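Before any comments, here is the structure.
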Amino acid sequence: MNTIQTSQEGPLLVMKDVVKRYGGLTATDHVSLSIQPGEVLGIIGPNGAGKSTLIGLLGGALQASEGRIVFLGQDVTTLAASERARLGIGRTYQIPRPFMDMTVRENLLAARYSLHPFASAQEVQAACDHILQRTGMLDAADLPARGLPLLRRKRLEVARALALDPKLLLLDEVGAGLVDAEVSELIELIQSLRSEVAGIVIIEHVLRVVRECCERLVVINFGKKIAEGPTSEVLASEEVSAVYLGTAHGQAPAPDAPGTPAVPLFQGSLNALWDAQGLKQAKQSQQPLLQLQGVHAGYGQARVLNGIDLSVHPGQVMAILGTNGAGKTTLAHVLSGAIRPTSGQYLIDGKNVTGLPAHVITHKGIAQCMEGRRIFSPLTVEENLMLAARSVAPADMRVRLDQVYALFPDLKERRRQSGTSMSGGQQQMLAIGRALMSRPRLVLFDEISLGLAPVMMDRLYQALSALRELGLTMLIVEQDVERALDLADAVHVMEHGRFALSGPASSIRHDPMLRHLYIGTAD
C-alpha cells in the first residue's frame with residue numbers, strides 16, 4: 001500500500017437523513033453523519049441499536065429506504081457493495097468471513113484480482129505480500145484460513161479489505177473476542193493505518209479500541225443518533241453510559257429496568273422446559289455426565305489438544321477459559337462430535353462415544369450453542385427454533401417455543417422475521433434458544449459474549465443464571481473471564497492445548513497464575 005494522497009476538500013463521506021426500514025420496523029431513523037479526510041470515527045451503541053444496519057448502508061450491502069449517501073462527491077446511495085468497493089470503500093465483518101479452504105495469500109489474491117484483473121501475477125503477489133507483512137500475516141501466508149486463531153482471522157479480514165486499496169475503511173467489531181494483549185496489537189495496527197487510508201470508521205464494543213483510536217464518536221440507539229462529539233466527552237456522558245452499559249456487571253438490575261429480562265418472572269415458567277426436579281435429583285449422581293480421558297485432537301498434521309482429562313457432573317457449570325489459540329474451540333468441537341479425537345476416550349454416562357458423529361452425540365442430550373451463532377438466513381426466527389425439535393409432537397413443540405419466548409421475549413416479537421435480520425445480540429439469543437429446544441441434558445456454550453455490548457451480555461448471563469438454578473448442566477467456553485467466573489462452579493484454563501490451571505471458580509479468581517496465563521506476567 002502507498003501513503004494516501006487525497007485532494008478531497010470537505011467531507012470524505014456524507015450520510016444525510018438516511019432511513020432503513022424492514023416492513024414496519026425502522027432500523028435506521030433519519031441518521032446524518034460525515035467523515036472527514038484523515039479522521040477515525042467511532043460508532044457505538046448497544047446490540048440492536050442499528051450499528052450493523054448502518055455499516056451495511058455505508059458499505060452498500062443494504063440499500064437505504066430514504067436519504068442520500070455521498071462518497072468523494074459522488075452520490076453512491078443506489079450503488080451496490082461491489083461498485084462502492086471499486087470506488088474505495090472497504091470493510092471487515094464482525095464474524096470473520098475468509099475463504100476457509102484457501103490459504104491466507106490466496107484470500108488476498110482473490111480480492112486484489114477483483115480490483116486489478118489484468119495486472120501481472122508478479123505485481124499482484126508482490127502487493128499482497130506487502131499487505132501481509134504490513135498486517136503481521138506474512139508468516140502465515142501459506143496456511144489455510146481455516147486453521148487460524150481468532151486474532152489472526154481478524155488480521156486477515158483487515159488485510160483483505162486493504163487489498164482493495166480503500167480510501168474509507170469500515171471496521172466492524174474487530175476487537176470482539178480478543179484479550180487485552182491482542183487488543184493492544186489491534187490498536188497498534190489501526191493507528192499505523194492512518195497514513196495509508198484516508199478515513200476509518202470503527203464500530204466497536206471494546207471501548208478501549210474507540211478510546212485510543214477515535215477522535216470522534218457517534219452513539220446510536222434504536223436506530224437514532226443520540227450523541228456525537230469528541231471521544232472523551234461522549235464517553236463521559238451519563239446518558240451514553242446508561243444506554244450503552246445498561247446494568248453494570250455484578251450489580252442486580254432494577255426490577256423495572258428497560259431492556260432487561262425479568263428473571264424472577266420467567267424462573268417459574270422455565271420449569272416446563274425440563275423436568276427441573278429430575279435435573280436437581282440427577283445432580284446428586286456421582287457418575288459424570290461427560291468425561292474426556294487423555295484426549296488428543298487437531299487438524300491434519302496440526303495437533304491442538306494434548307492429553308485433556310475432563311469430567312462434568314450433572315447440574316455442574318464448568319467454564320473453559322484461555323487466550324485465543326489455546327485450544328478452547330477445538331475442545332468444543334470434540335465434545336460436539338464435530339472432530340474425532342486422534343487418541344483418548346470420550347464418555348457420556350460412562351459409555352464410550354469416541355468417534356461417534358455429531359447427530360448421535362446430540363441424541364444423547366449434548367447440545368451446542370456454537371461460536372458464530374450459525375443462524376440459517378432463509379428461515380424465520382421461529383423456523384430456526386423449530387429445527388432443533390422437528391421430531392416432536394405439535395403440542396410439545398408449542399410448549400417448547402413458549403418457554404424459549406418466555407426466556408427471550410425479543411424472539412417472540414420477531415418470530416416471523418428472518419433469523420439473520422436481527423442484531424448480533426438477538427441472534428445470540430436465537431442460537432441459545434435453538435440449543436434449548438432439544439431439551440438437552442448438557443449445553444455447551446461457545447463464546448456467546450463475542451461482539452456483544454455489556455448490556456446484552458448482562459441479559460444473556462441472567463438467562464444462564466436462571467437455567468443454572470433449574471439444574472441444567474452447562475459447559476461454557478468464554479473470553480469474558482469475570483462473567484464466566486461469576487456463573488461457574490469449576491474452571492479449567494487452557495494453554496497450548498492443555499489445562500494449565502484448574503479448580504473451583506472462587507479460588508481461580510484470585511490465583512496469580514490466571515493473570516500470567518492471559519497477559520504473561522503474574523503479580
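As the structure is a prediction and not an experimental result, all values here were calculated from the model.
Side chain of N352 to main chain of T354: a donor-acceptor pair is present (N/O by atom type, distance under 3.5 Å, no hydrogens or angles). Side chain of R459 to main chain of F408: no donor-acceptor pair is present (N/O by atom type, distance under 3.5 Å, no hydrogens or angles). Counting only distance, with no hydrogens or angles, the side chain of R91 and the backbone of L170 share no donor-acceptor pair below 3.5 Å. In this structure, R390 contributes its side chain and L387 its backbone to a donor-acceptor pair below 3.5 Å. A donor-acceptor pair is defined here as one N or O able to donate and one able to accept, closer than 3.5 Å; no such pair exists between the side chain of D172 and the backbone of T92. At least one donor-acceptor pair closer than 3.5 Å links the side chain of N306 to the backbone N or O of H496. Counting only distance, with no hydrogens or angles, the side chain of R441 and the backbone of K364 share a donor-acceptor pair below 3.5 Å. At least one donor-acceptor pair under 3.5 Å links the side chain of T342 to the backbone N or O of H296. Checking side-chain atoms of S465 against main-chain N and O of Y461 turns up no donor-acceptor pair under 3.5 Å. The closest donor-acceptor contact from the side chain of Q417 to the backbone of V381 lies at 3.5 Å or more, if one exists at all.
Scanning both residues, T53 and A27, for their nearest heavy atoms gives OG1-CB, 3.9 Å. Across all non-hydrogen atoms, the minimal contact from A338 to A358 is N-CB, 4.4 Å. Closest approach of R112 and I131 over heavy atoms only: NH1-CD1, 4.4 Å. Minimum interatomic distance between N107 and F99 (heavy atoms only, all atoms of both residues): OD1-N, 2.8 Å. For the residue pair L305 and V334, the shortest heavy atom distance occurs at CD1-CG2, 3.9 Å. Closest heavy-atom contact between I202 and C213: CD1-CB, 3.9 Å.
Within 6.0 Å of atom CD in E188, 12 or fewer heavy atoms from other residues, nucleotides or ligands are found, so the atom counts as exposed in its surroundings.
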Notebook entry, point to check: Does the side-chain contact (heavy atoms from CB on, under 4.5 Å) test come out yes or no for R134 and L193, once each step is laid out?
Noted result: CA-CA 9 Å; R134 186 71 193 73; L193 294 174; 4.2 Å; yes
Next item on the list: Verify side-chain contact (heavy atoms from CB on, under 4.5 Å) between V158 and M137, making sure each step is shown before the conclusion.
Entry: CA-CA 10 Å; V158 175; M137 293 292 293; over 6 Å; no
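A salt bridge does not link K154 to E157: none of the charged side-chain nitrogens sits closer than 4.0 Å to a carboxylate oxygen. Note on E382 versus K412: no salt bridge recorded, every NZ/NE/NH1/NH2 to OD/OE distance being 4.0 Å or above. We find that D458 and R483 are joined by a salt bridge, their nearest charged nitrogen and carboxylate oxygen being less than 4.0 Å apart.
There is no side-chain donor-acceptor pair under 3.5 Å between R414 and S421.
When each of L475, L487, L460, I432 is checked for a side chain to side chain contact (heavy atoms under 4.5 Å, CB included) with F445, only I432 meets the rule.
Taken to the nearest 0.5 Å, the CD1 atom of I43 stands 11.0 Å off from the CG atom of L171.
Stacking of R160 on the aromatic ring of Y93 is not recorded, the 6.0 Å distance cut-off and the 45° axial limit not both being met.
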